[in-house]
Amino acid sequence: MVLKVCLAGATGWAGSELARAIAKTSDLDLVAAVARRHAGRVLGEVLDEPRLTAPIYALAADALAHPCDVLVEYTKPDNAKTNILAALGQGAHVVVGTSGLTDGDFAEIDGLARRQNRGVLACGNFALTVVLLQKFAEAAARLIPQWEIIDYAHDDKVDAPSGTARELAYRLSKVRKPQPTVPLEKTVGPREARGATVSGSQVHSMRLPGFVISAEIIFGMPDQKLTIRHDSGNSARPYVDGALLAIRKVSTLVGVHRGLDSVLDL
Ligand SMILES: NC(=O)c1ccc[n+]([C@@H]2O[C@H](COP(=O)([O-])OP(=O)(O)OC[C@H]3O[C@@H](n4cnc5c(N)ncnc54)[C@H](OP(=O)(O)O)[C@@H]3O)[C@@H](O)[C@H]2O)c1
């Protein structure tokens with residue numbers, strides 16, 4: 001069976017790499033694409049990949065006029081929720097790669113997905129080493145009650161914390177609430193120095209030239225520390241295999257699921 005895919009953000013850094021990978025598959029058919037600057041053109045001309053015959057639209061609502069099984073959302077945080085809700089409204093399943101959606105956004109999306117009996121698989125990071133970081137951190141949090149998260153990214157990343165850090169904090173909130181020795185409200189000095197509280201975890205976001213994307217979690221106990229860290233390189237390659245797996249598996253889910261391990265046997 002061939003799955004019809006609509007890809008929002010198909011001309012971007014992450015989306016274009018995914019589009020080229022979809023072109024090489026025999027079980028996925030990219031039927032429509034979303035991006036503003038190249039709207040009206042054919043994706044294959046823009047990406048120099050003749051196998052990609054999908055037309056590009058500025059609005060997801062127009063692209064979704066092409067019936068599809070799965071919408072992949074890979075645009076920007078300010079636009080993502082609208083696209084996801086539109087796709088669910090049309091009866092498509094959704095894979096979310098875009099970062100910046102809040103727990104509140106996901107709760108709203110979950111409500112519509114369940115009413116529509118459709119799956120939404122949101123992965124703050126599709127890279128296998130991030131999936132492993134999440135699993136190892138969950139195991140550590142069962143035994144160690146204090147941790148903080150550091151999120152490193154390139155200077156022009158607009159959203160903070162990263163989707164990777166948000167997702168990690170969300171998952172750890174399902175394990176337990178961290179117990180800082182000094183409660184945050186008793187901080188002497190600017191409260192911001194302790195970072196943002198995201199799903200109960202303290203998260204510190206660095207935005208500097210020279211970084212790509214890294215995520216680090218430090219667990220502390222008296223006289224011992226555990227650091228788990230993921231670093232990605234410059235290409236979008238690490239995200240492709242995970243995104244393809246998510247597209248193929250999302251129809252097995254109902255409602256919002258966060259993290260690629262929702263469809264992996266780990
Ligand atoms: N989950 C993961 O593993 C993973 C990996 C990499 C990146 N990301 C996240 O994915 C998102 C995209 O990252 P990127 O680096 O690929 O960004 P990018 O290179 O700027 O690409 C964004 C894409 O979305 C389109 N777009 C942006 N705003 C739009 C709008 N309002 N309407 C329609 N199209 C729009 C852009 O085309 P136009 O500008 O022409 O509209 C472009 O095709 C970010 O949130 C990033 O953090 C996630």
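Note that these values count all heavy atoms, side chains included, but never hydrogens, waters or copies made by symmetry. When a ligand or atom number is given, it counts from 1 through the structure's own listing order. None of these values were measured; they are calculated from a predicted model.
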With a 4.0 Å cut-off on heavy atoms, is Gly124 touching ligand 1? yes

For ligand 1 and Ser99, I'd like to know whether there is a polar contact (N/O to N/O, distance under 3.5 Å). yes

Minimum heavy-atom distance between Val94 and Ala87, given as atom pair plus value: CG2-CB, 3.8 Å

Would one find an N or O of Lys157, backbone or side chain, under 3.5 Å from an N or O of ligand 1? yes

Return the residue, atom name and 0.1 Å-rounded distance of the protein heavy atom closest to atom 10 (O) of ligand 1. Tyr74 CD2, 3.4 Å

Among non-hydrogen protein atoms, atom 23 (C) of ligand 1 lies closest to Gly9 CA, 3.5 Å

Under 4.0 Å from any heavy atom of Ala58, which atoms of ligand 1 are there? 32 (N), 33 (C)

Any donor-acceptor pair under 3.5 Å linking the side-chain atoms of His93 with those of Ser251? no

For atom 34 (N) of ligand 1, grab the closest protein heavy atom and report residue, atom and distance to one decimal in Å. Ala35 CA, 3.7 Å

Do Ser99 and Lys157 pair up side chain to side chain, a donor and an acceptor below 3.5 Å, judged on atom types alone? yes

Proximity to ligand 1 by part of Ala80, non-hydrogen separation under 4.0 Å: neither

Can you name the closest pair of heavy atoms from Leu71 and Asn83 and give their distance? CD2-O, 3.7 Å

For atom 26 (N) of ligand 1, which candidate among Ile213, Leu59, Thr75 holds the nearest heavy atom? Thr75

Would you check the N or O atoms of Arg37, main chain and side chain alike, for any that come under 3.5 Å of an N or O of ligand 1? yes

Minimum non-hydrogen distance to atom 42 (C) of ligand 1, winning option of Gly12, Ala10, Gly242: Gly12

Is it the case that Thr164 and Asp151 place a side-chain donor and acceptor less than 3.5 Å from each other? no

N or O pair under 3.5 Å between Lys76 and ligand 1: yes

When you check the side-chain N and O atoms of Thr102 and Asp105, is any donor under 3.5 Å from an acceptor? yes

Between the side chains of Gln179 and Gln146, does any donor sit under 3.5 Å from an acceptor? no

When you check the side-chain N and O atoms of Glu216 and Ser214, is any donor under 3.5 Å from an acceptor? no

I'd like to check which ligand 1 atoms, numbered from 1 as shown, lie under 4.0 Å from a non-hydrogen atom of Thr11. 37 (O), 42 (C), 43 (O)

Is ligand 1 less than 4.0 angstrom away from at least one heavy atom of Gly100? no

Need the ligand 1 atom indices (1-based, order shown) with element for anything under 4.0 Å from a heavy-atom of Gly97. 1 (N), 2 (C), 4 (C), 8 (N), 9 (C), 10 (O), 48 (C)

Among protein heavy atoms, which sits nearest to atom 28 (N) of ligand 1, and what does the distance come to when rounded to 0.1 Å? Arg36 NH2, 3.1 Å

Heavy-atom nearest neighbour of atom 15 (O) of ligand 1 within options Trp13, Phe126, Tyr239: Trp13

What I want to check is whether the side chains of Arg191 and Thr197 have a donor and an acceptor closer together than 3.5 Å. yes

Could you identify the single nearest non-hydrogen protein atom to atom 16 (O) of ligand 1 and state the distance to 0.1 Å? Ala14 N, 2.9 Å

Which residue, Val46, Thr53, Leu52, forms the side-chain contact (heavy atoms from CB on, under 4.5 Å) with Glu49? Leu52

Answer yes or no: is there a donor N or O on one side and an acceptor on the other, between the side chain of Asp69 and the main chain of Lys4, under 3.5 Å? yes

Run the numbers on Ser262 and Leu121 for side chain to side chain contact (heavy atoms under 4.5 Å, CB included), then give the verdict. CA-CA 8 Å; Ser262 313; Leu121 181 50; 3.9 Å; yes

Considering non-hydrogen atoms of the protein only, which is the closest contact for atom 32 (N) of ligand 1, and what is the distance? Asn79 ND2, 3.4 Å

Taking distance alone, with no angle check, do Pro77 and ligand 1 share an N/O pair under 3.5 Å? no

